[in-house]
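Just so we're on the same page: letters track the sequence lines, and every chain starts at 1.
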Number of protein chains: 2
Amino acid sequence: MKGVTTLKHSKVPEATIRRLSRYSRCLEELDERGEKVVSSAQLAGKCAVNSAQVRKDLAYFGEFGIRGVGYYVKDLLSDIKRILGSNKEWRMAVIGMGNLGSALLSYKDFLKQHYKIVAAFDIDPPKVIGRVSEKLGKPMEVLHISRIKEVAKDRKIEIGLIATPPSEVQGVADLLVEAGIRGILNFAPAQITVPEGFVVKNVFFTTILDNLAYLLSNYRPPQK
Amino acid sequence: MKGVTTLKHSKVPEATIRRLSRYSRCLEELDERGEKVVSSAQLAGKCAVNSAQVRKDLAYFGEFGIRGVGYYVKDLLSDIKRILGSNKEWRMAVIGMGNLGSALLSYKDFLKQHYKIVAAFDIDPPKVIGRVSEKLGKPMEVLHISRIKEVAKDRKIEIGLIATPPSEVQGVADLLVEAGIRGILNFAPAQITVPEGFVVKNVFFTTILDNLAYLLSNYRPPQK
DNA sequence: GGATGTGAAGTCGTTCACAGCT
DNA sequence: AGCTGTGAACGACTTCACATCC
């Protein structure tokens with residue numbers, strides 16, 4: 001069995017997926033540097049993880065290496081991208097054009113090529129259109145939220161980035177669900193529930209900063 | 001022992017800290033709604049976690065509840081804030097004024113009050129000053145990165161937000177360390193190493209999106 | 001009576017160590 | 001000989017269940 005990409009065991013830890021993304025970055029570097037082959041120990045060193053961890057992570061999805069040799073960099077990279085689904089283009093919409101939403105829009109060029117923001121929505125487009133377009137080289141039209149279902153279909157949107165005030169989050173999520181947008185990345189600190197088959201990931205800056213604050217507050221210097 | 005805030009067991013899981021942040025949000029809501037007392041079961045329901053988890057999380061830091069009653073909302077909230085260190089003001093600097101860095105700056109009003117961006121740095125301030133200030137109501141002066149040590153002291157900066165290209169990340173981190181800035185929030189997808197006593201948290205959008213992409217790609221609809 | 005605080009059990013993820021290929 | 005792939009040991013976090021206390 002070589003390079004199978006279906007799951008062997010049904011449950012893959014989320015941490016494994018995050019590491020796959022990291023391996024992917026490291027492999028791109030190695031590839032650019034012209035490396036042909038890499039061992040799990042070398043890759044592990046570069047990614048700061050245990051080498052058995054690398055092998056276990058990959059083992060969830062098949063056998064990608066050659067015993068006594070290692071992994072072919074290009075092959076492993078494309079295998080991982082296929083596993084992650086990051087070998088296709090993902091089209092995204094931002095909902096909510098406040099500070100956060102327009103920040104996301106202006107940030108968009110920084111995203112990897114295959115993640116594309118192709119639409120922007122707000123409850124009151126006239127109010128925000130000036131501010132948003134002034135922040136962008138080529139302005140993107142801000143549409144009224146009510147058009148989301150129609151536009152989602154037209155522009156093949158698969159992921160929604162929620163950047164509204166927290167109080168509006170669940171309502172917006174319901175609209176996304178109705179529009180058949182199955183992936184949600186939520187930036188507003190409020191919990192969302194969606195039906196089976198939809199996926200929500202949260203990015204709460206306050207939580208991350210609280211985490212940093214905790215670690216900074218509670219660090220005890222080593223006892224000399 | 002009531003409301004002690006020193007650690008009973010030395011290792012607190014990171015997940016516990018993240019949940020504390022979540023409890024904090026929920027308690028603020030409850031407080032605004034005028035609730036005086038809350039049980040672990042009620043709080044757990046609101047935060048979508050197990051009620052024993054709530055009690056275990058709190059148990060790392062002391063005893064905050066009253067048996068047979070529950071927790072006083074206001075007291076628990078302020079205890080958690082004290083534990084997290086989120087009851088003080090944290091002053092932050094952004095380093096790197098590309099798309100991402102200026103997005104962070106324009107986003108700053110969205111952050112909770114006590115996390116403040118008080119400085120912005122770049123390797124080439126003249127080049128970016130126009131673009132950045134045009135994006136902001138009241139512009140913030142962008143300073144040359146070489147001034148970071150001096151400014152860190154003057155403005156009491158404790159956290160640095162790294163928003164440079166990945167290749168520059170370690171160099172910037174070294175400067176932050178030298179300037180005595182102990183907390184780093186890194187947005188550029190590259191690993192950082194810092195000396196003992198410094199803290200790094202990463203926020204890699206690509207990793208999060210890869211994660212979403214994986215879940216969307218691999219969802220299997222329930223067998224009818 | 002009722003909800004907390006906590007040892008014990010259970011679950012999940014990581015690391016070890018070596019058998020099995022190349 | 002060398003490195004992968006993997007069962008088994010280990011460790012960490014979560015959940016259970018109940019003794020404890022208000």
Under the side chain to side chain donor-acceptor pair (under 3.5 Å) test, residues paired with [X] that sit two or more places apart:
{"X": "Asp210(B)", "answer": "Ser21(A), Tyr115(A)"}
{"X": "Arg182(B)", "answer": "none"}
{"X": "Glu168(A)", "answer": "none"}
{"X": "Glu35(B)", "answer": "none"}

In whole Å, I'd like the distance from the [atom1] atom of [X] to the [atom2] atom of [N].
{"X": "Phe64(B)", "N": "dA3(C)", "atom1": "CZ", "atom2": "C1'", "result": "17 Å"}
{"X": "Asp57(B)", "N": "dT14(D)", "atom1": "CG", "atom2": "P", "result": "7 Å"}
{"X": "Tyr72(B)", "N": "dT4(C)", "atom1": "OH", "atom2": "C1'", "result": "14 Å"}
{"X": "Leu58(B)", "N": "dT6(C)", "atom1": "CG", "atom2": "P", "result": "11 Å"}
{"X": "Ile17(B)", "N": "dT14(D)", "atom1": "CD1", "atom2": "C1'", "result": "16 Å"}
{"X": "Glu14(B)", "N": "dC13(D)", "atom1": "CD", "atom2": "C1'", "result": "13 Å"}
{"X": "Tyr60(A)", "N": "dT6(D)", "atom1": "OH", "atom2": "P", "result": "12 Å"}

Report summary line: The salt bridge (charged side-chain N to carboxylate O under 4.0 Å, His left out) partners of Lys36(A) (sequence neighbours excluded) come to none
Query - Sub-4.0 Å heavy-atom contacts from residues 36-45 of chain A onto DNA chain D, ordered by number - result: Ser39(A), Ser40(A)
Query raised in the report: NZ/Lys11(B) to CD/Glu14(B) distance, rounded to the nearest 0.5 angstrom?
Result: 10.0 Å
Report summary line: By nearest-nucleotide position on DNA chain C, the 5'-leaning member of Gly70(B) and Pro13(A) is Gly70(B)
Which pairs, with at least one residue in [range] and sequence neighbours excluded, count as a salt bridge (charged side-chain N to carboxylate O under 4.0 Å, His left out)?
{"range": "residues 94-106 of chain A", "result": "none"}
{"range": "residues 45-59 of chain A", "result": "Arg19(A)-Asp57(A), Glu29(A)-Lys46(A)"}
{"range": "residues 91-100 of chain B", "result": "Glu89(B)-Arg91(B)"}

Report task. Let me have a per-nucleotide readout for nucleotides 15-22 of chain D, 5' to 3', with B, S or -, counting only protein heavy atoms under 4.0 Å. Result -> BBB--BBB
Query raised in the report: Would you call the rings of Phe205(A) and Phe205(B) parallel, tilted or perpendicular if under 30° counts as parallel and over 60° as perpendicular?
Result: tilted
Query raised in the report: Tell me the side-chain hydrogen bond (donor to acceptor under 3.5 Å, both in side chains) pairs involving residues 184-195 of chain A, sequence neighbours left out?
Result: Asn186(A)-Asn202(A)
Report task. Pull out every residue in residues 18-35 of chain A that has a heavy atom closer than 4.0 Å to any atom of DNA chain C, ordered by number, or say none. Result -> Arg19(A)
